[in-house]
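Within every chain, numbering begins at 1; the chains are lettered A, B, ... in the order of the sequence lines, protein sequences first and strands thereafter. Side chains are part of it too, since the values below use all heavy atoms of this structure and drop only hydrogens, waters and symmetry mates. This one's a predicted model, so the numbers in the text were calculated from it and none came from an experiment.
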2 protein chains.
Amino acid sequence: MKDVNVADEVLRSAVALFAAQGYANTSVQQIVEAAGVTKGAMYHYFESKDDLLFAIYDRMLTLQQSHLDEIIARGGGTVDTVQAACEDVIATSIDFLPEGTVFFRSLHMLSAPRQQEVTRRRRVYNDAFSALIEQGQAEGAFRTDIPRPVLIAHFFSDLHYLSHWFSPEGPEGRDVVAAQLTELYLTSLRSPDAD
Amino acid sequence: MKDVNVADEVLRSAVALFAAQGYANTSVQQIVEAAGVTKGAMYHYFESKDDLLFAIYDRMLTLQQSHLDEIIARGGGTVDTVQAACEDVIATSIDFLPEGTVFFRSLHMLSAPRQQEVTRRRRVYNDAFSALIEQGQAEGAFRTDIPRPVLIAHFFSDLHYLSHWFSPEGPEGRDVVAAQLTELYLTSLRSPDAD
DNA sequence: CGATGCATACCGTCTGGTCGGTATGAACCT
DNA sequence: AGGTTCATACCGACCAGACGGTATGCATCG
C-alpha cells in the first residue's frame, strides 16, 4: 500500500533538501530522516544517490516536454502563441521553484551518461521554443537583428533566476509576475517596425 | 617571495574547481593538487575551506562595488548612464564567468554570519542599481507600470544565466553580446510614450 | 635564534552503500 | 482449510574510504 508512497515521499524530501543545501551537501541520511523512512527502504527503491537525482530530472523533463507539446498543439497565431507560452512556462516554473533550482544547479553532479541524456532532452525543449520564435520572425513580428540563441537565452534567463528573487509571500502573485516578465520579454522581442 | 603567489594560485584553482564541480563536491586535496601546492601550505594561508570560499566572495564583491562606484561617478545623462552601466556590467561578468558561477551558486555553503555579510553587500550593489533606474523613471525615460524589483531582476537574470550558454569560443564576442543583451533590456525598460 | 613558510603523517568523523535478516501476504499444493 | 513456498518490502547494523582539519618537524631567512 505504501508502495508508491515511500518513493514519492523520498523524492519530495530530496527535492526540498537538494534545493536548499545542494546535492553534494545533502546526505542520504538527511533525506530519509526528512521523509520518515529508513535508508534500507530508500535503497530498495533507488539504486544510488545519483539514481535519486536523476529521477528528479526525469520528472521535470517529462513535465516540461508534455507542457510544451500542449502549447504547440494549441497552435494558432504566432505572436499570441508565444505570449501564451511564455506566461504559461513562467507560471509553471513558479509552481515548481525548488525542482527548478535543483534542475539548474545540479547537472554536473549526475553521472556522465545521464548528464548527456538530460542535455539532449533539454536541447529538444530548447529547439521547440526556438522554432516558435523563428516562425514569428518569418512573419515579421519578431526582430531579426539579434541572433536567435541570444533571444532564447534572454528568455530562459528569467526562468532560471526566478528562484533567486521570487517569493510566494511577496507582494505580487504568480500570474501577475508571469504577465509582467512576459510583457518585458515580448517588448524587447517585437520587431521595431511591426504593424 | 611566494608569499602572495601561493594564496593566489590556490584561489585561482579553487574558483575553477568550484565552478566546474561545485563547492561541496570539491575536496581540499583536489584544490591543492591543481594549484601545485600541499595542504599544509594552503592551511597556512586559509583557516578553513569556508574561509577559502569567502575569500572568493570578498574579491568579487569588492570588484563589483568599485566597478559600480566608478560608473555612478561618471554620472551624466541617466539613460546613457544606464546603458553604459549595463554593457559594462555584462562585459565584466563575461570576463569573470567562473567567479560568477561560484558567486551565484555557493551562497548557502558559507557559514551563516558570512552568508549574511555577502547578502548585505549584495543588497548595497542591488540598491545602487535600483537607484539608477529610479532616477530614469523620475525623468520619464523608463516605464513605471512594472514594479522596480521586477525590472531589476529582469536584468540580473541575464548576468546570472550567462555562464549557462555563453562560450568564449562561440560566434559572438564579449562586447557584441554585451551590446545585444543591453539593447534587449533597454528596449523593454524604456517608457512606451518616450520622445 | 626566533619567526615565517611550508611538508608530511596522521586523526576523528561522516559518507554512500551493503548485507543478512525479518515481516507480510499472495499463490499454490494437498 | 491448512500448510508450504516464494517474492516483495523493509529494517538497522555495519564497512571501507574519503573528507576537513591538525600536529609536528624542518628548512630558510632576517
Notebook entry, point to check: Between C:dT15 atom P and A:L17 atom CG, what is the distance in whole Å?
Noted result: 12 Å

Checklist line | Length of the line joining A:D50:CG and C:dT15:C1', which is rounded to integer Å | finding: 15 Å

Margin query: Nearest to the side chain of B:S48, heavy atoms from C-beta on, is which of C:dG17, D:dC11, D:dG21?
Written below: D:dG21

Item checked: Where B:A85 and B:I71 come nearest, the two heavy atoms and their spacing -> CB-CG2, 3.6 Å

Check: Atom CD of B:E33 and atom C1' of D:dC19: how far apart are they, to the nearest Å?
Finding: 13 Å

Checklist line | Length of the CD1-P vector between A:I31 and C:dG17, whole Å | finding: 10 Å

Check: Any side-chain heavy atom of A:S157 within less than 4.5 Å of one from B:W165?
Finding: no

Margin query: In the structure I gave you, are the side-chain heavy atoms of B:S188 and A:Y185 within less than 4.5 Å of one another anywhere?
Written below: no

Item checked: Rounded distance (Å) that lies between atom C1' of D:dC10 and atom OH of A:Y43 -> 15 Å

Item checked: Selection from C:dG16, C:dT8, D:dG12 that lies nearest to any side-chain heavy atom of B:T38 -> C:dT8

Item checked: Between D:dA9 (C1') and A:K39 (NZ): distance, integer Å -> 18 Å

Margin query: Can you measure B:Q30 atom CD to D:dA18 atom P for me and round it to whole angstrom units?
Written below: 12 Å

Next item on the list: For A:Q29 and for B:G40, locate the closest nucleotide of DNA chain D by heavy-atom distance; then report the residue assigned to the nucleotide nearer the 5' terminus.
Entry: A:Q29

Note to self: Parallel, tilted or perpendicular, judged at 30° and 60°: which one describes the rings of A:H160 and A:F104?
What the structure shows: perpendicular

Next item on the list: Could you work out which one of C:dC6, D:dG21, C:dG16 sits closest to the side chain of B:K49?
Entry: D:dG21

Next item on the list: Let me know the distance between CG of B:N5 and P of C:dG5, rounded to the nearest Å.
Entry: 13 Å

Item checked: Among C:dG16, D:dC10, C:dC6, the one nearest B:Y45 by side-chain distance -> C:dC6

Next item on the list: Choose from D:dC11, C:dG17, D:dG20 the nucleotide whose nearest atom is closest to any side-chain atom of B:S27.
Entry: D:dG20

Note to self: I want to check one thing: is the phosphate of C:dG5, taken as OP1 and OP2, less than 4.0 Å away from some side-chain N or O of B:H44?
What the structure shows: yes

Notebook entry, point to check: Parallel, tilted or perpendicular for B:F18 and B:Y23, by the 30°/60° rule?
Noted result: perpendicular

